[in-house]
Asks: 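Please read through the structure below; I'll follow up with questions.
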Amino acid sequence: MLEIKNLTIKMGDRCLVDNLSFSLSNKDKMAVIGEEGNGKSTLLKAILGKCDYALVEGSIKVVGKIGYLEQSLDSTYGLTRVYDYLFIDDNSYYEKVSDLYHLLEIFHLQECILEQEIGFLSGGEKVKINLLKMLLDESDILLLDEPTNDLDIETLEWLEDFINKTNKPILYVSHDEVLLSKTATMILHLEQINKKTKSRCTLLKTDYDSYIEQRLRSLDKQRQMARNEAKEFDKQQDKLNRIMNKVAYQQNTISRKNPHGAKVLKKKMHSLKAQERRLANSSLTEMPDVEEGIHFFFEDVFLPKHRKVLELFLDELKIEGRVLSKNIRLNIYGNEHICIVGKNGVGKSTLLKKIYHILKDRKDVNVGYMPQIYEDVLKQNDSAIDFLVPEKNQDKITVARQYLGNMKFTKDEMVGKIKDLSNGTKAKLFLIKLILEKYDVLILDEPTRNVSPLSNPIIRKVLKEYNGAIISVSHDRKYIDEVASKVYVLTKEGLYER
């Protein structure tokens, strides 16, 4: 069991969680949602007692052992063998060997992966190893921070089934709308309102789709009520002003020989001013104060349908001398939107990098790249402005600030160090770069994986309407369905259209 009472989390002057209370019991599956940087991961770390960068107040009571799946594997484990990572300070290998091989089979991992160094694994393989370690530890309560990141679709479906069937209480952060729809029984929505000066925590015992539907319906109802009441208020105010002006005119023009009439007008004006005070003090429904969504769009680009964007023939796809796939053929024309799917470790990101290096120096297309590992491109001590406008052109900086504002960056996030940004905020930073550079070919490795489920529909819509070519890798099932015009499956034997 997990019981939280009056939990408040602050970072400097900013409150991330304000007076939050809830309890989790067996079979409860609580999904934590909200925009990037709102404190979702921080909440999980606070529960673990590992949040030394923020002020945590309140009561956290845990009955049982907590299992924690962190958002990404610590880079310090890069040279560590998988076996050593799984059984650090643990002599229970022989007790767990049966479960270990069962999980290896579920996750489609070969036994030889136990001898590999973690730094050489794909992103999805690292997530699987982290999942494997957590499951072997036999915890009573599970905290999962972005458990679906980089996982192939088969493992995603297994994870959904596991979450639904286990009796263990689970608290998890996820941007995968399909997973949220299929598994959540409780929703905790962390928001930053009043221009990110105030925290609001909304907790409901319901499924994700019902929460979103109920939230939108409630917001629409409140907006309509606020508009109607404001319209009626203005109407009454206008009518009252006309009457008061008429009475004031009559007072100014009435003859001194008519004291009775003057007395009547004075009494009437007194009554009108009382009405004015009552009207001014009337309680009106306010427009809902919600965290504003992101807003962005690509300027029009144009690629002729006959333009050959890519003609790729690879006998072998290799990494570090190891053959991942072979007989790869891929032709892309005009503004096709293609998505490459496949099991973890098959070489999707490696293929995407190769395509980028083939295209980046072409003169007839302008190519933008969003990598899976942001640190491959981002300089951690630079600011968002430095990344977007390295040449320090003031006019371009002004435009960049406008786009950062549309993506809901705070002033501190615009000028602070990139290393302090959340992964979701970094993802939005890449999207802005792709917009500002006016690329007509986008190469995107998991473009939606770190972005909140509330912003992802907007991103999918914008990418679907993008008039250039998109070459992407994704495990996001909604992205695949809504954005991709063609889907290719990468296997050890080759690349095939689905």
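Note that these values count all heavy atoms, side chains included, but never hydrogens, waters or copies made by symmetry. Predicted model only: the values in this text are computed from it and were never measured.
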Asks: For Pro453, does its backbone N or O pair with a side-chain atom of His175 as donor and acceptor, under 3.5 Å?
Replies: no

Asks: Testing the 3.5 Å rule here: is there a donor-acceptor pair between the side chains of Glu36 and Asn450?
Replies: no

Asks: Is it true that Asn344 and Lys128 share a donor-acceptor pair across their side chains at a distance under 3.5 Å?
Replies: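 Yes, a side-chain donor-acceptor pair sits under 3.5 Å.
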
Asks: Could you pull out the closest heavy-atom pair between Leu429 and Ala384, with the gap in Å?
Replies: CD1-CB, 3.7 Å

Asks: To the closest 0.5 Å, what do you measure between CG (Leu86) and CD1 (Ile118)?
Replies: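 Answer rounded to 0.5 Å: 7.5 Å.
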
Asks: Should the ring pair Phe162 and Trp158 be called parallel, tilted or perpendicular, given that the plane angle runs from 0 to 90° and is split at 30 and 60?
Replies: parallel

Asks: Would you please test Ile4 and Ile47 for side-chain contact (heavy atoms from CB on, under 4.5 Å) and show each step?
Replies: CA-CA 9 Å; Ile4 305 293; Ile47 293 170; 4.1 Å; yes

Asks: Any idea which heavy atoms bring Arg362 and Ile358 closest together, and the distance?
Replies: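 The answer is CG-O, 4.2 Å.
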
Asks: Please assess Tyr403 against Ile435 for the test side-chain contact (heavy atoms from CB on, under 4.5 Å), listing each intermediate value before the final yes or no.
Replies: CA-CA 9 Å; Tyr403 275 95; Ile435 293 166; 3.5 Å; yes

Asks: Using the ring of Tyr85 (Phe, Tyr or Trp, six-membered ring only), decide whether Lys133 places NZ or CZ under 6.0 Å from its centre and within 45 degrees of its axis.
Replies: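 Ring-cation test returns yes.
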
Asks: Is a side-chain donor-acceptor pair under 3.5 Å present for Glu111 with Tyr101?
Replies: yes

Asks: Looking just at side-chain N and O atoms, do Thr42 and Tyr53 make a donor-acceptor pair shorter than 3.5 Å?
Replies: yes

Asks: What pair of heavy atoms forms the shortest contact from Leu143 to Leu44, and how long is it?
Replies: CD1-O, 3.8 Å

Asks: Atom CD1 of Ile33 and atom OG1 of Thr202: how far apart are they, to the nearest 0.5 Å?
Replies: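 Answer rounded to 0.5 Å: 8.5 Å.
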
Asks: Can you check whether His102's main-chain N or O pairs, donor with acceptor, with Glu105's side chain at less than 3.5 Å?
Replies: no

Asks: Hey, is the main chain of Glu177 close enough, under 3.5 Å, to the side chain of Lys478 for a donor-acceptor pair?
Replies: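 A pair under 3.5 Å: no.
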
Asks: Contact between Val365 and Arg307 at the side-chain level, heavy atoms closer than 4.5 Å - yes or no?
Replies: yes

Asks: Considering all heavy atoms of both residues, which atom of Tyr439 and which atom of Val301 are nearest to each other, and what is their separation?
Replies: O-CG1, 3.6 Å

Asks: After noting the C-alpha distance and the side-chain angles of Asn149 and Asn423, does the key distance pass the side-chain contact (heavy atoms from CB on, under 4.5 Å) rule?
Replies: CA-CA 11 Å; Asn149 273 0; Asn423 281 334; 5.8 Å; no

Asks: Please tell me if the side chains of Lys126 and Asp150 come closer than 4.5 Å, counting only heavy atoms from C-beta onward.
Replies: no

Asks: How far does CG of Leu203 sit from CG of Leu188, to the nearest 0.5 angstrom?
Replies: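 Leu203 atom CG to Leu188 atom CG measures 5.5 Å (nearest 0.5 Å).
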
Asks: Once side chain to side chain contact (heavy atoms under 4.5 Å, CB included) is applied, do any residues pair with Asp382, and if so which ones, sequence neighbours excluded?
Replies: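 Checked Asp382 against side chain to side chain contact (heavy atoms under 4.5 Å, CB included); matches are Lys379, Asp386, Ile418.
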
Asks: Under 3.5 Å, is there a donor on one side chain and an acceptor on the other for Ser455 and Glu35?
Replies: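 Indeed, the side chains of Ser455 and Glu35 share at least one donor-acceptor pair under 3.5 Å.
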
Asks: Determine the minimum heavy-atom distance between Ser174 and Glu146, stating which atoms define it.
Replies: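 Reported closest heavy-atom pair: CA-OE1, 3.8 Å.
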
Asks: Answer yes or no: are there more than 12 heavy-atom neighbours, outside Lys168 itself, under 6.0 Å from its atom NZ?
Replies: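 More than 12 within 6.0 Å, yes.
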
Asks: To the closest 0.5 Å, what do you measure between CZ (Phe298) and OH (Tyr466)?
Replies: 6.5 Å

Asks: Are Arg215 and His189 close enough, and set up right, to give a side-chain contact (heavy atoms from CB on, under 4.5 Å), and what steps lead you there?
Replies: CA-CA 11 Å; Arg215 171 182 164 82; His189 187 178; 3.6 Å; yes

Asks: To check you understand the geometry: which heavy-atom pair defines the closest contact between Asn38 and Gln192, and what is its length?
Replies: OD1-CG, 3.3 Å

Asks: Within a 6.0 Å radius of atom CZ on Phe313, are there more than 12 heavy atoms belonging to other residues, nucleotides or ligands?
Replies: yes

Asks: How long is the straight-line distance from CG of Leu103 back to CG of Leu132, given to the nearest 0.5 Å?
Replies: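 The CG atom of Leu103 is 5.0 Å from CG of Leu132, to the nearest 0.5 Å.
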
Asks: Do Leu43 and Val173 come close enough that some side-chain heavy atom pair is under 4.5 Å?
Replies: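 No, every pair of side-chain atoms sits at 4.5 Å or beyond.
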
Asks: Going by the side-chain hydrogen bond (donor to acceptor under 3.5 Å, both in side chains) test, which pairs reach into residues 321-342, not counting sequence neighbours?
Replies: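 Non-adjacent pairs meeting side-chain hydrogen bond (donor to acceptor under 3.5 Å, both in side chains): Glu336-Lys486.
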
Asks: Give a yes or no on whether the backbone of Thr448 and the side-chain of Asn456 come within a donor-acceptor separation of less than 3.5 Å.
Replies: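 Yes; judged by distance alone, with no hydrogens or angles, the pair exists.
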
Asks: Are there more than 12 heavy atoms of other residues, nucleotides or ligands under 6.0 Å from atom CD of Gln380?
Replies: yes

Asks: Among Arg460, Arg477, Lys464, whose salt bridge (Lys or Arg N to Asp or Glu O under 4.0 Å) with Glu482 holds?
Replies: Arg460

Asks: Within the 3.5 Å criterion, strictly below it, is a donor on Ser472 or Tyr479 matched to an acceptor on the partner's side chain?
Replies: yes

Asks: According to salt bridge (Lys or Arg N to Asp or Glu O under 4.0 Å), who are the partners of Lys10, at least two apart in sequence or on a separate chain?
Replies: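 Residues passing salt bridge (Lys or Arg N to Asp or Glu O under 4.0 Å) with Lys10: none at all.
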
Asks: Can you tell me how far CG of Leu463 sits from CD1 of Ile459, rounded to the nearest 0.5 angstrom?
Replies: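 Rounded to the nearest 0.5 Å, the CD1-CG separation comes out at 7.5 Å.
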
Asks: Treating Ser210 as the side-chain partner and Thr206 as the backbone partner, does any N or O pair qualify as donor plus acceptor under 3.5 Å?
Replies: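 Absent.
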
Asks: Would you indicate whether Lys65, at its atom NZ, is surrounded by more than 12 heavy atoms from other residues, nucleotides or ligands within a distance under 6.0 Å?
Replies: yes

Asks: Say whether, by atom type as modelled, one donor and one acceptor occur between the side chain of Ser139 and the main chain of Ile141 under 3.5 angstrom.
Replies: no

Asks: Is the NZ or CZ atom of Lys433 positioned over Phe387's six-membered ring, under 6.0 angstrom from the centre and within 45° of the axis?
Replies: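 Verdict for Phe387: a cation-pi partner in Lys433.
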
Asks: Is any side-chain heavy atom of Glu465 closer than 4.5 Å to one of Phe297?
Replies: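 When only atoms from C-beta onward are counted, Glu465 and Phe297 do not touch, as no gap falls below 4.5 Å.
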
Asks: Side chains of Ser349 and Asp445 only: does a donor on one sit below 3.5 Å from an acceptor on the other?
Replies: yes

Asks: Side-chain contact, heavy-atom cut-off 4.5 Å: Asn130 with Glu70?
Replies: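 Sidechains of Glu70 and Asn130: in contact.
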
Asks: Output yes when a side-chain donor or acceptor of Lys96 lies under 3.5 Å from a complementary backbone atom of Leu136, and no otherwise.
Replies: yes

Asks: Run the side chain to side chain donor-acceptor pair (under 3.5 Å) check on Tyr172 and Thr183 step by step: do they pass?
Replies: CA-CA 10 Å; Tyr172 64 102; Thr183 60; 2.6 Å; yes

Asks: May I ask you to decide if Glu160's main-chain N or O and Asn164's side chain share a donor-acceptor pair within less than 3.5 Å?
Replies: yes

Asks: Less than 6.0 angstrom from the centroid, inside 45 degrees of the normal: does Arg449 satisfy that with respect to the ring of Phe430?
Replies: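 Not satisfied by the 6.0 Å and 45° rule.
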
Asks: Does any part of the side chain of Leu16, heavy atoms only, come nearer than 4.5 Å to the side chain of Ser199, both counted from C-beta?
Replies: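 Side-chain contact under 4.5 Å: no.
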
Asks: Does any non-hydrogen side-chain atom of Leu324 lie less than 4.5 Å from one of Lys492?
Replies: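 Not in contact.
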
Asks: Is there a side-chain contact between Glu413 and Thr410 (heavy atoms, below 4.5 Å)?
Replies: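 Contact flag for Glu413/Thr410 side chains = yes.
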
